[in-house]
Amino acid sequence: MASLDDDRRLDCVDAVLVDLGPDDEVDGELRALRAALSMPTATVTVVLSRVQLFKAAEGLPPELAASRATSRNDSFCQFVVRNEATLKVDDAAAERWLPRAFIDRYGVRSYLGAPLRYRGAVVGSVSVMGTAPRAFSDDDARRVEAAAERVSARLEALRARAELPERSPAANRQELALVEVATLARLAMAGVDDAEFERGARMLSEIEDSSYRYASAVATLRGGARRLRGGEE
């Protein structure tokens, strides 16, 4: 069993993974997977220290399509990463060990996710979700696993072309912390969970950086605070 907070895993996460812009190949994989399994939702997720990012998605509920993220603790994909193995959930409501947010808030009842591997680590998942129970077959699992392998290969190819600057592990973790701060503030503003604002505020207090991106994260977080206070400063 892997640790979600293993520095070696988190150090594999880079700008390619946290870029939420569209990619025709990855988006096409999700559309094909969604159609092949007749499931309403298909996603590519990246699991960070505090959040789960939807790097790509088809059929997310409007609230999640706007935020493009959830708290890591709410995700099903965390178990794919922790176990480094495919996870099948035929009826989420019957599984008391699962987090309740997706079940209670979005009505998720079925889930099938396979590991997303990148730079030698499991960084997230490729998954499908539905609002009705479903007995997933071994063929279903193989379809999702094959899609995860193709998405992983595509991301590796994008990295090879990206010419990313070399960063120390400490600098990379600080960069990811800023991404998470902005993401947590976005969750607060999207109304996903007001507690995310408080988490973002705590994270900001741990980061020492005077860069533009830090200032931008502060501004985003302040926007979340204004929303929470009904528009007041």
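These numbers come from the heavy atoms of this one structure, side chains and all, not from hydrogens, waters or symmetry mates. Keep in mind the model is a prediction, meaning the values are calculated, not measured.
- There is a path of hydrophobic side-chain contacts, each under 4.5 Å, that joins Val44 to Val16.
- In this structure, OG on Ser49 lies 6.5 Å from CZ on Arg72, to the nearest 0.5 angstrom.
- Of all the heavy atoms in Cys77 and Ser127, the pair that sits closest is SG-OG, 4.3 Å.
- Applying the 6.0 Å contact sphere to CG of Asp24 captures no more than 12 heavy atoms from other residues, nucleotides or ligands.
- The shortest side-chain heavy-atom distance between Met39 and Arg134 falls under the 4.5 Å cut-off.
- Checking Leu4, Val81, Val47 one by one against Val122, the side chain to side chain contact (heavy atoms under 4.5 Å, CB included) holds for a single residue, Val81.
- Qualifying side chain to side chain contact (heavy atoms under 4.5 Å, CB included) partners for Ala114, counting only residues two or more places apart in sequence or in other chains: Thr86, Val144, Glu145, Ala148.
- Interatomic distance, CG of Leu112 versus CZ of Phe136, reported as 5.0 Å (0.5 Å rounding).
- Counting only distance, with no hydrogens or angles, the side chain of Lys55 and the backbone of Thr43 share no donor-acceptor pair below 3.5 Å.
- Of all the heavy atoms in Ala56 and Val26, the pair that sits closest is CB-CG1, 3.7 Å.
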**Q.** Stepwise side-chain contact (heavy atoms from CB on, under 4.5 Å) check, Gln52 with Gln78
**A.** CA-CA 8 Å; Gln52 166 189 257; Gln78 64 177 299; over 6 Å; no
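- Using modelled atom types, no side-chain atom of Arg167 and backbone atom of Asn172 make a donor-acceptor pair closer than 3.5 Å.
- Following chains of ILVMFWY side-chain contacts shorter than 4.5 Å, one cannot reach Leu116 starting from Leu10, and the two form parts of different hydrophobic clusters.
- A donor and an acceptor atom, one from each side chain of Asp140 and Ser137, are located under 3.5 Å apart.
- Asp104 CG to Asp74 CG: the interatomic distance, rounded to the nearest 0.5 Å, is 10.5 Å.
- The local environment of CZ in Arg8 is sparse, with at most 12 non-hydrogen atoms from other residues, nucleotides or ligands closer than 6.0 Å.
- Rounded to the nearest 0.5 Å, atoms CZ (Arg96) and CZ (Arg100) are 4.0 Å apart.
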Q: May I have the step-by-step check of salt bridge (charged side-chain N to carboxylate O under 4.0 Å, His left out) for Asp138 and Lys88, ending in yes or no?
A: CA-CA 10 Å; Asp138 290 342; Lys88 291 196 288 185; 3.5 Å; yes
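- With contacts defined as side-chain heavy-atom distances shorter than 4.5 Å, the pair Asp91/Tyr111 does not qualify.
- The distance from atom CD of Glu29 to atom CZ of Arg34, rounded to the nearest 0.5 Å, is 15.0 Å.
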Q: Before giving the answer on side chain to side chain donor-acceptor pair (under 3.5 Å), spell out for Asp14 and Tyr118 the whole-Å C-alpha distance, their side-chain angles and the decisive distance to 0.1 Å.
A: CA-CA 10 Å; Asp14 59 21; Tyr118 184 75; 2.9 Å; yes
Q: Walk me through it: do Leu98 and Phe79 pass the test side-chain contact (heavy atoms from CB on, under 4.5 Å)?
A: CA-CA 9 Å; Leu98 285 170; Phe79 302 106; 4.0 Å; yes
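- A continuous path of Ile, Leu, Val, Met, Phe, Trp and Tyr side chains, each step under 4.5 Å between heavy atoms, connects Leu87 with Val108, placing both in one hydrophobic cluster.
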Q: Applying side-chain contact (heavy atoms from CB on, under 4.5 Å), run through Val128 and Thr41 and close with a yes or a no.
A: CA-CA 5 Å; Val128 292; Thr41 304; over 6 Å; no
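- For the pair Arg119 and Asp11, the salt-bridge criterion is not met [side-chain N within less than 4.0 Å of a carboxylate O].
- A salt bridge is absent between Asp5 and Arg50; no separation between the charged side-chain nitrogens and carboxylate oxygens falls under 4.0 Å.
- Residues Arg159 and Leu164 meet the side-chain proximity criterion, which asks for heavy atoms closer than 4.5 Å.
- Residues Ser125 and Thr45 have side chains that bring a donor and an acceptor to within less than 3.5 angstrom of each other.
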**Q.** Arg117/Glu156 under side-chain contact (heavy atoms from CB on, under 4.5 Å): CA gap, chis, key distance, verdict
**A.** CA-CA 9 Å; Arg117 300 180 187 276; Glu156 295 282 7; over 6 Å; no
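- Minimum interatomic distance between Ala147 and Val126 (heavy atoms only, all atoms of both residues): CB-CG1, 4.4 Å.
- Surrounding CZ of Arg143 are at most 12 heavy atoms belonging to other residues, nucleotides or ligands under 6.0 Å away.
- When every heavy atom of Ala69 is checked against every heavy atom of Leu53, the shortest pair comes out as CB-CD2, 4.1 Å.
- Closest approach of Glu84 to Ala2, counting heavy atoms only: OE2-CB, 3.7 Å.
- Partners of Asp19 under the salt bridge (charged side-chain N to carboxylate O under 4.0 Å, His left out) rule, at least two apart in sequence or in another chain, do not exist in this structure.
- Annotation: the span from Thr70 atom OG1 to Glu63 atom CD amounts to 11.0 Å, rounded to 0.5 Å.
- Aromatic ring orientation, Phe102 versus Phe76: tilted (interplanar angle from 30° to 60°).
- A 4.5 Å side-chain heavy-atom check between Leu64 and Pro61 finds at least one atom pair inside the cut-off.
- Counting all heavy atoms, side chain and backbone alike, Glu180 lies closest to Val51 at OE1-N, 3.0 Å.
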